Asks: 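First, the structure itself, so that you have it in front of you.
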Amino acid sequence: MCSRFELNADPGALARRFGLTAPPPWPQASERRPTDAILVIGADGFGLMPWGLAVEWQPAPLINARAETLAAKATFRPLLSGGRVLVLASAWWEWPGRVKTRIAPVDADLLAFAGLSDGRGVVIVTCAPSAGLAAVHDRMPVILPPESGAAWIDGSKPFEAVAPLLRPHAGPFAITAAPRRQPDLFG
DNA sequence: CCAGACGTTGTT
DNA sequence: GTCTGG
DNA sequence: CCAGACGTTGTT
DNA sequence: GTCTGG
């Protein structure tokens with residue numbers, strides 16, 4: 001996964017579901033790419049934050065972090081207690097066979113991805129794919145079910161206590177190829 | 001991911 | 001810049 | 001201490 | 001080189 005996702009939802013409904021104190025700031029477009037502002041909820045509040053964690057040793061920011069190795073990576077270790085956040089989404093895309101393919105939950109309008117933030121940027125945590133998505137891609141974002149979101153962002157819980165949440169979400173997911181743009185007038 | 005565009009004025 | 005491996 | 005890695009996905 | 005579309 002995950003060089004692109006979508007946030008297409010009603011801000012008021014989102015605020016109610018996540019108990020926000022006010023309607024959240026909203027990205028300008030639903031489709032989100034690395035470096036775009038994305039909606040993040042953490043223990044200290046919510047807001048827009050650039051997608052990607054800046055590192056000094058390469059020009060492009062890191063956008064993903066493997067769940068399996070988080071605790072072993074010096075880059076992510078400092079974020080494991082105080083930097084756990086939710087990244088709000090409604091779907092994400094993969095490119096099996098280079099065909100843009102949308103993956104969205106069948107039974108929900110919103111997804112909460114597990115994220116890690118240093119206060120300046122965010123990475124999305126990835127895991128192995130669920131059975132239903134294995135044919136699409138070999139990774140997927142960690143999706144936290146509604147009952148797990150609060151625990152993930154609770155910095156008073158040690159990372160070891162929430163690490164078991166970082167597992168593939170079974171779905172079900174709707175997998176749909178993006179329609180090709182209509183040939184315009186005159187082809 | 002890769003491929004393809006990346007611009008404007010004035011318009012059918 | 002900071003961490004890890006040797 | 002110094003040298004080299006440091007991240008992920010997808011791939012040369 | 002970087003952005004956009006699929």
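Just so it is clear, the model here is predicted, and its values are computed rather than measured. Side chains included, hydrogens not; waters and symmetry mates left out as well; all remaining heavy atoms used. By convention in this document, chain letters (A, B, ...) are assigned in the order of the sequence lines, proteins followed by strands, and residues within each chain are numbered from 1.
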Asks: Heavy atoms only, 4.0 Å cut-off, all strands: where does A65(A) land among base, sugar-phosphate and nothing?
Replies: sugar-phosphate

Asks: Rounding to an integer number of angstrom, what distance separates dG7(B) and dA3(D) when you compare their P atoms?
Replies: 47 Å

Asks: From the list dG5(E), dT8(D), dC1(B), which nucleotide is the closest neighbour of the side chain of R33(A)?
Replies: dG5(E)

Asks: Starting from P on dT2(C), measure out to CD on E56(A) and report it in whole angstrom.
Replies: 8 Å

Asks: Considering only side-chain heavy atoms of R98(A), which listed nucleotide, dC6(D), dT8(D), dC2(B), is closest?
Replies: dC2(B)

Asks: Using distance only, find each side-chain donor-acceptor pair of residues 114-124 of chain A under 3.5 Å and give its atom names and separation, not counting sequence neighbours.
Replies:
residue: S117(A); atom: OG; partner: G119(A); partner atom: N; Å: 2.9
residue: S117(A); atom: OG; partner: G121(A); partner atom: O; Å: 3.0
residue: D118(A); atom: OD1; partner: R120(A); partner atom: N; Å: 2.8
residue: D118(A); atom: OD1; partner: G121(A); partner atom: N; Å: 2.9

Asks: Have T101(A) and E94(A) got a donor and an acceptor in their side chains that come within less than 3.5 Å?
Replies: no

Asks: Output the single nucleotide from dC1(B), dG7(D), dT8(D) whose closest atom is nearest the side chain of T69(A).
Replies: dT8(D)

Asks: I want to verify a distance call: between dG6(E), dC3(C), dG7(D), whose nearest atom is closest to the A74(A) side chain?
Replies: dC3(C)

Asks: Give R77(A) one of three labels, base, sugar-phosphate or nothing, depending on what nucleic acid heavy atoms sit under 4.0 Å from its own.
Replies: sugar-phosphate

Asks: Dot-bracket for DNA chain D: what is it, with Watson-Crick or G-U pairs under 3.5 Å, [ ] where a pair crosses earlier ones, and | for a pair to another strand?
Replies: ||||||......

Asks: If you check every side-chain atom of W57(A), which of dG1(C), dT9(D), dC2(B) has the closest atom?
Replies: dG1(C)

